[in-house]
Amino acid sequence: MTNSEIAKLLSHVSAAYSILDNKKHYFQIIAYQKAAETIEHEPTELKELYNEGKLKDLPGVGESIKSHLEELFKKGKVTYFDDILFQVPKAVFPLLDVPGFGPKKAYRLVTEFNLKKPDTVMDDLVKIAESGKIAGLPGFGEKSEKDILQSFKEYGMGKTKSARMVLPYATELARKMIDYLERSKDVKEVYPLGSLRRKKSTVGDIDIAASSKNPQAVLNYFASYPHTERVIEKGTRTSSILTSGNRQIDLMVEHPDGFGALLQHFTGSKDHNVHLREIALKKGYSLSDYGVKKKEDTKSKIKLFKTEQELYKFLGLQWVPPEIREDKGEIELAQKNKLPRLIELSDIKGDFHLHSSFPVEESHDPGQNSMEDMIKNAIFLKYKYLGFSEHNPSQSGHSNKQIYDLIAKRHEHIEKLRSKYNKSIQIFSLLETDIKPDGTLAVDDKSLSLLDGTIVSIHSAFSMNRQDMTKRVIQGLSHPKARILAHPTGRLINQREGYDLEWEKLFDFCQEKQKAIEINSWPQRLDLPDNLVQIARSKGVKFFINTDSHALPQMVLMEYGVSVARRGFCQRSDILNTFDYNKLRKWFNN
DNA sequence: GCCGTTTTCGGCCCGACTGTTTTCAGTCG
């Protein structure tokens with residue numbers, strides 16, 4: 001079972017508990033949900049943690065859930081879970097993925113209409129709603145019946161609780177709305193919120209905060225955004241709309257005097273906020289998105305914060321950059337005034353994963369622009385150096401001699417460009433070489449000797465098991481010319497799961513042998529993922545942040561790789577393409 | 001059911017919005 005399947009199982013147990021007896025199981029419901037969330041985001045397969053006896057290291061997994069998971073791996077099922085889930089009709093569970101449906105509503109409708117089949121429950125409910133039978137139920141009405149139909153319609157169009165957009169797309173959508181809001185005279189400040197502000201690789205809804213002395217005017221202005229499909233809700237402080245692209249945008253408005261608490265609260269993450277509240281409680285205060293008040297004295301006046309900085313200071317903390325607000329150690333560091341200075345885009349001095357159109361007869365994905373155009377663009381971006389990394393010439397249809405000739409010709413061309421642009425920028429001659437399924441490289445030693453080094457990566461036979469894939473990657477990286485492992489998990493967000501590696505083993509190898517790992521900025525990759533970056537970094541592994549550009553406009557995607565690095569706690573010293581040219585040249589020659 | 005530099009027992013974040021309600025339940029973040 002994959003981690004996300006296990007997470008789903010636990011969240012179904014949680015849902016079943018809340019259906020069976022919400023009050024009695026109140027804290028189990030929370031506990032199972034928390035464990036599910038942890039497992040959903042855990043990068044290592046649980047089976048592996050189980051084998052290593054590390055299940056209890058997961059936050060939210062204690063004795064009880066641990067023993068259930070052990071049973072799951074031993075027997076393939078958990079009797080205790082089955083007993084609980086058995087008490088709830090199967091047709092309830094598919095509904096839980098539909099926005100607007102929670103355990104109670106799903107259970108109520110399934111039992112009311114005696115729906116038995118999980119496969120057809122959604123279609124069945126649509127028909128029932130269309131025939132007007134839901135509006136008559138106690139607790140339901142015309143409006144809720146219409147809302148249910150709307151939910152199914154939007155679900156059918158791909159809006160689920162888990163469908164998420166890639167960061168650059170979300171950033172672009174938000175930018176348009178932020179531009180629109182900034183044109184309102186009633187708006188003072190605007191910020192993105194939530195996972196968007198924290199720069200997570202994927203974003204669910206777009207959340208935005210505005211400060212204003214006239215919230216109602218701003219909410220009205222927001223609801224009349226030109227691309228609005230429909231207004232989902234509109235209160236005195238918040239509003240949600242659905243845009244024509246079927247994307248939800250939420251707005252929160254607050255008076256400038258209390259804007260800091262709102263901004264902090266809705267930037268999250270949830271875990272970060274819960275931890276902050278615990279700190280506030282220990283100081284005798286209750287923290288909310290409005291500010292703090294004395295815990296005992298409910299009548300006491302609320303203390304407002306104009307800025308986040310004031311709020312963090314009140315709690316005895318440094319201001320924490322949004323990207324690392326995940327309760328992964330940042331709060332403890334902020335308390336000791338020891339937060340790292342995270343890497344910034346302006347620290348980047350070059351890009352090492354660039355595919356030009358120079359003809360090397362590669363098997364896939366040639367670049368669209370000449371080396372010279374890419375050099376000029378790199379100079380425009382104020383880079384000090386760059387590295388070309390076309391794919392290796394295809395093996396089928398080329399002899400080793402032919403491959404050598406192609407690479408030699410490319411070498412000559414690069415030499416010419418080097419002398420031409422010597423004063424403005426330095427050029428590294430790399431290549432993106434496939435690691436074949438047997439662990440050898442797709443280019444022989446003689447050809448590789450022409451290069452400054454090579455990036456290696458996996459482009460075939462993705463479905464190897466964890467151990468074999470790890471062996472394959474480490475063997476490929478062991479070649480003296482292999483210096484950088486590109487897009488290490490091979491994931492394509494929303495399209496393909498990455499392959500699983502024995503990460504700790506790989507990171508130890510990289511640290512020991514001075515091999516670097518790439519943080520690939522391509523929007524669907526953002527690979528190595530941030531949680532693994534944090535682990536690798538803690539082991540002393542160094543990184544390159546690269547764009548993997550196949551065309552000039554893609555070279556600006558660097559900022560998204562930088563976001564990943566920031567989320568992984570990286571400082572300038574962790575990222576090799578922030579080094580001076582001479583230092584970096586030395587690293588390659590080593 | 002989880003968790004601990006105040007605790008191995010007794011807590012567990014806090015609030016908005018909606019629809020169907022005469023005071024609240026459900027969902028969401």
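Chain letters run A, B, ... following the sequence lines, proteins first, then strands; residues in each count from 1.
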Requested in this report: Scan A/L287 against the nucleic acid and name what it touches under 4.0 Å (heavy atoms): base, sugar-phosphate only, or nothing.
Outcome: sugar-phosphate
Report task. Just call it for A/Y290: base, sugar-phosphate, or nothing, with non-hydrogen atoms closer than 4.0 Å on any strand. Result -> sugar-phosphate
Query raised in the report: Is A/S240 touching bases, backbone alone, or none of the nucleic acid, heavy atoms closer than 4.0 Å?
Result: nothing
Query raised in the report: Contact class for A/Y80 vs. all strands (heavy atom < 4.0 Å): base, sugar-phosphate, or nothing?
Result: sugar-phosphate
Requested in this report: Check the distance between B/dG29's P and A/R198's CZ and give it to me in whole angstrom.
Outcome: 13 Å
Query raised in the report: Do the rings of A/Y285 and A/F314 sit parallel, tilted or perpendicular, given the 30° and 60° boundaries?
Result: perpendicular
Report task. Scan A/E278 against the nucleic acid and name what it touches under 4.0 Å (heavy atoms): base, sugar-phosphate only, or nothing. Result -> nothing
Report task. Would you please confirm or rule out a distance under 4.0 Å between OP1 or OP2 of B/dC14 and any side-chain N or O of A/S286? Result -> yes
Query raised in the report: Which part of the nucleic acid does A/F266 contact within heavy-atom distance under 4.0 Å: base, sugar-phosphate only, or nothing?
Result: nothing
Query raised in the report: What orientation do A/F81 and A/Y32 show, parallel under 30°, tilted 30 to 60°, or perpendicular over 60°?
Result: perpendicular
Query raised in the report: With respect to the phosphate group of B/dC14, does any side-chain polar atom (N or O) of A/S288 fall under 4.0 Å of OP1 or OP2?
Result: no
Requested in this report: Under 4.0 Å between any heavy atoms, over every strand shown, what does A/E332 touch: base, sugar-phosphate, or nothing? Just pick one.
Outcome: nothing
Query raised in the report: Which is true for A/K34 with a 4.0 Å heavy-atom rule: it touches a base, it touches only sugar-phosphate, or it touches nothing?
Result: nothing
